[in-house]
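Structure first, commentary second.
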There are 2 protein chains.
Amino acid sequence: MSNKITIQRVAELANVSKSTVSRVLNNYPHVRPHVRARVQRVIGETGYQPNNIARLLASDRSSIIGLVISSDAQMVFRDPYFPALTEAVSTSAAAKDLVMALFVSHSEKQVRHSLSGIIAAGLFDGLILTADFKGDEMIPLLRAGEIPFVFIGRPGAADGIHYIDADNRQGGYLAASHLIKLGYRRIATIASAQNSAGDDRLSGYKQALAEHGMPICDALIAIGDYSLGSGYRGMKALLPRQPDAVFVASDTMALGALRALREAGRRVPADVALVSHDDLPPAAQADPPLTTIRQTINKTGARAVETLAQVINEGEALPLQQIVLPVELVLRASCGALQKQATA
Amino acid sequence: MSNKITIQRVAELANVSKSTVSRVLNNYPHVRPHVRARVQRVIGETGYQPNNIARLLASDRSSIIGLVISSDAQMVFRDPYFPALTEAVSTSAAAKDLVMALFVSHSEKQVRHSLSGIIAAGLFDGLILTADFKGDEMIPLLRAGEIPFVFIGRPGAADGIHYIDADNRQGGYLAASHLIKLGYRRIATIASAQNSAGDDRLSGYKQALAEHGMPICDALIAIGDYSLGSGYRGMKALLPRQPDAVFVASDTMALGALRALREAGRRVPADVALVSHDDLPPAAQADPPLTTIRQTINKTGARAVETLAQVINEGEALPLQQIVLPVELVLRASCGALQKQATA
DNA sequence: ACACTGACTGAAACCGGTTTCAATTTTGCG
DNA sequence: CGCAAAATTGAAACCGGTTTCAGTCAGTGT
C-alpha cells in the first residue's frame, strides 16, 4: 500500500489522541478550533487518507451502494434505458461521495442467488433495484436481509416499499390524447406487459381513448417486450388492422416499428403516425425523429440515490417514499403535428 | 444487520477457536477432517456468512475491482460499446467472486481527481481502465498509487503496462482488403483519432490499400469521434469525393453514415458499399445490416478480469501481459458481397 | 519405552479506524 | 472567588476477521 500513514501516526504528529483525530476527520463537535486546525495541518502535510475499510468495519458504513439491474440478458445493455440509468445513478452517487457497484443479473434464478450473496456480504449500505420481472420475488429477500433499498419503477407488490417511478400512466395518456387531438381515429398501441411501467402506459392509453369516447379495440393492441424485434413484429401484426396512428411503449420498440413500416412502404407520419415513450437519444436520431414521452432518467437516478441515502440514515423513521416523477410530451416529426401545423 | 452470527459464535458452537474456524473458512491445511466437518456443519446450520469487511481489514483484500471508464460524457453510454464492455466485465468479475464497481469520469479533469480518490480509498484490489483520451495522464497516478491495474485498449504510452486490446490494425486491414477484393476502387474511410484503436484501424486500412498498390488519398479520409453525428458529418464530407465504398471505424458512426447516404439518395451497397467495425447489436439491426469487423467484447472483458486477478496475486512476478485479441469479418448486406454472389 | 518430529490447535496480537466513558479542563454565574 | 455544568480530551474497548507463535498431541524410528 502506498499509504503507510495511519490515524495513529497523525495523532502522534499532532500531539493528540486517535480519538481527536477521528473527531476532526468526521467533523464532530467538541474539538477546540485551535486543536482542530493543528490536526488538519498535519493531515494536509502528510497527505493522510483514512483507510475506508477500517472505518467501515468500525462504523458499519461502507459508503458503497449497489445498483441491481435484473432483466433479460439480451435486454439489459441493448435498450439504452439501462445504460442511461446506470450513468445517472453512478453520477449522483459520486456527487454524494458514494461508490456505486453495479450488478447485472441475467436470469431470474440468478437474481435470487446473487442477491443473497450481495446482502450477506454486508458490504453495501443499501441497494437500488430496477423493477423488472415486476421485482416481487426479490422483496422478501431484501426484507429478510434488513438492508435499506429503493426501487426504481414500481414493483408488483409495492406495499410499504420505497420507490421512484415515472408517471407512466400519464405518459400513455399524454401520447394517446395527443394523437386523438391530431385527428387520428384508429389509434393502435404496441404495449408491454413485462412490468408495471408497461401496464401503466397501456392503461393511460386506454383512459385517453375512453375519455374521448373512442372504442378500445383489442385488435389494435399488440404486446411486445421492449426489444426492437418485438416492436417490429408488433407493427407487422398491426398493419392489417390499418391503424392511422400508433403509440409505441418504448423508443426501442418504435425503432422496430419504423422498420416494419418502411418495409411495408408506409410513410411516417403521412400514412401512420407514431408516438413513443422514453425520449432516449435514439428517438431524436431516428428517421423521422420520434415524438415521444420524455421521462427524466437523470432525475430518476438522482432521486433514487437521494432517497436511499435517507433510508440509510433514518431507517424506519423515514415515511414511505413513493415518488412519481412527471413526464412530458416531446414534439418531433413522427406524429405529424409539425406537418399539420405547417400546412394549416 | 441480519447476521448476528460471528466467527466467534461459530467457534463456540463447534467447540473450537476462532483460528480454527478461520482456517476452515479459507481452506487452509492443518485441520483434522473430523474437526473440519464439525465446523462446516455448524456453518451450514447457522447460515453463517463471514463479514467481508472485517476479513478485508485483516487480510488487505477487498475482492472489489473498479472499472474506470473515462470518456466524454455524451459518449460513454451513447455508444453501445461501453455498455457491452461494462456488462462483460461485470459478468466475468461475478464469476470470479469479485464485485465490480463502476466509475464513469466525464471530463479529463475529473479523471485525475476521482482516480486519486479511488486509489486513496484503498478499497479496490485493482482497476480496469479504458484507454480513452489515450489514457496517458492516468498512468503516473496509478503507478504512484501502487495499485494493480490493467488497461482495456492500448494506452498511448504502453511501455510496461498490462493491456488487453483488440487487433484493430488487423480490423482495418481486413475491412479494406475485403472491399478491395470486391472490386471497389475509391475506398474512403471515416476514422477516428481519439485513441489508439482509431489510429490502428486507420493504419490497417492504409496498409491494405498500399499492399494492393492503391493510392492513399487524404481527401478520402474523414475524421470522426465515434459518435453517430460525426459519422453523419464524415459521410457528408466524403460524398462529393464520390467514394464507391467506405470503411467506417465504428458501427455507431456507420449508422450516421447510413443516414447521410439515405438523405443523399445513395443506396447501400449498390451506390456505396460500407464495412464498419465492432459488430455491436445495432450493426445487425441496421438497414441494410452492416458488414463489420467483430471484436469479441465478452472475451476482452473476461481476459481483462483474468489478467487483473493475476496481477493482484503475482504482482511484479507476473511477466508483462499485452494481449491482442483477434478480430474477424462478419459478412452482411452492406458491403455488397452477398448481392454479387447472388448475381454471379 | 523414549526422544523427536510434524500435524493440530488455540491464545493473543493485529488490521485501522469509531465510540464509549471517565477524567480533566474551561466556562458560566452567583 | 468558588463551584456546578459544559466542553474537551484520551484511554480503552470494540468491529470481526486473519495471522503469528507457542504449546499439545499423536505417530515414528530405535
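Chain identifiers are assigned alphabetically (A, B, ...) following the order of the sequence lines, protein sequences preceding nucleic acid strands; residue numbering begins at 1 within each chain.
Counting non-hydrogen atoms under 4.0 angstrom, A:Thr20 reaches the backbone sugars and phosphates but no base. Within the 4.0 angstrom heavy-atom criterion, no nucleotide atom of any strand lies near B:Val21.
When each of D:dT19, C:dC8, C:dG17 is scored by its nearest atom to the side-chain atoms of A:Asn51, the top-ranked nucleotide is C:dG17. Considering only side-chain atoms of B:Pro50, the nucleotide from C:dT18, D:dG17, C:dA11 that sits closest is D:dG17. Side-chain proximity of A:Ser17 to C:dT18, C:dG16, D:dA11: nearest is D:dA11. Closest to the A:Arg32 side chain, of the nucleotides C:dT9, C:dT26, C:dT18, is C:dT26. Comparing C:dG10, C:dA7, C:dG16 by their nearest atom to the side chain of B:Ser19 picks out C:dG10. When distances run from any side-chain atom of B:Arg23 to the nucleotides D:dT9, C:dT9, D:dG16, the shortest one goes to C:dT9.
In this structure, CG on B:Asp165 lies 9.0 Å from CG on B:Asn195, to the nearest 0.5 angstrom.
Remark: P of C:dT19 and NE2 of A:His30 are 14 Å apart, rounded to the nearest angstrom. Rounded to whole angstrom, the span from the CG atom of A:Leu25 across to the C1' atom of C:dG16 amounts to 11 Å. Distance, A:Arg55 CZ to D:dG17 C1': 20 Å, rounded to whole Å. If you take CG of B:Asn15 and P of C:dA11, they are 12 Å apart, rounded to a whole angstrom. The CD1-P distance, from B:Ile43 to D:dG17, rounds to 10 Å in whole Å. Atom pair A:Lys18:NZ and D:dT8:P shows a separation of 22 Å (rounding to whole Å applied). Residue A:Gln8 contributes atom CD, which lies 10 Å from atom C1' of C:dG16 at whole-angstrom precision. In this structure, CD1 of B:Ile7 is placed 12 Å from C1' of D:dT19, rounded to the nearest angstrom.
Side-chain nitrogen and oxygen atoms of B:Tyr28 include none within less than 4.0 Å of the OP1 or OP2 phosphate oxygen of C:dC8.
The shortest side-chain heavy-atom distance between B:Phe124 and A:Val99 falls under the 4.5 Å cut-off. A 4.5 Å side-chain heavy-atom check between B:Phe82 and B:Leu67 finds every atom pair outside the cut-off.
The closest donor-acceptor contact from the side chain of B:Arg38 to the backbone of B:Ala14 lies under 3.5 Å.
The number of heavy atoms from other shown groups lying within 6.0 Å of CZ (B:Arg36) is above 12.
For the pair B:Val35 and B:Ala58, nearest-nucleotide mapping onto DNA chain C gives the more 5' position to B:Val35.
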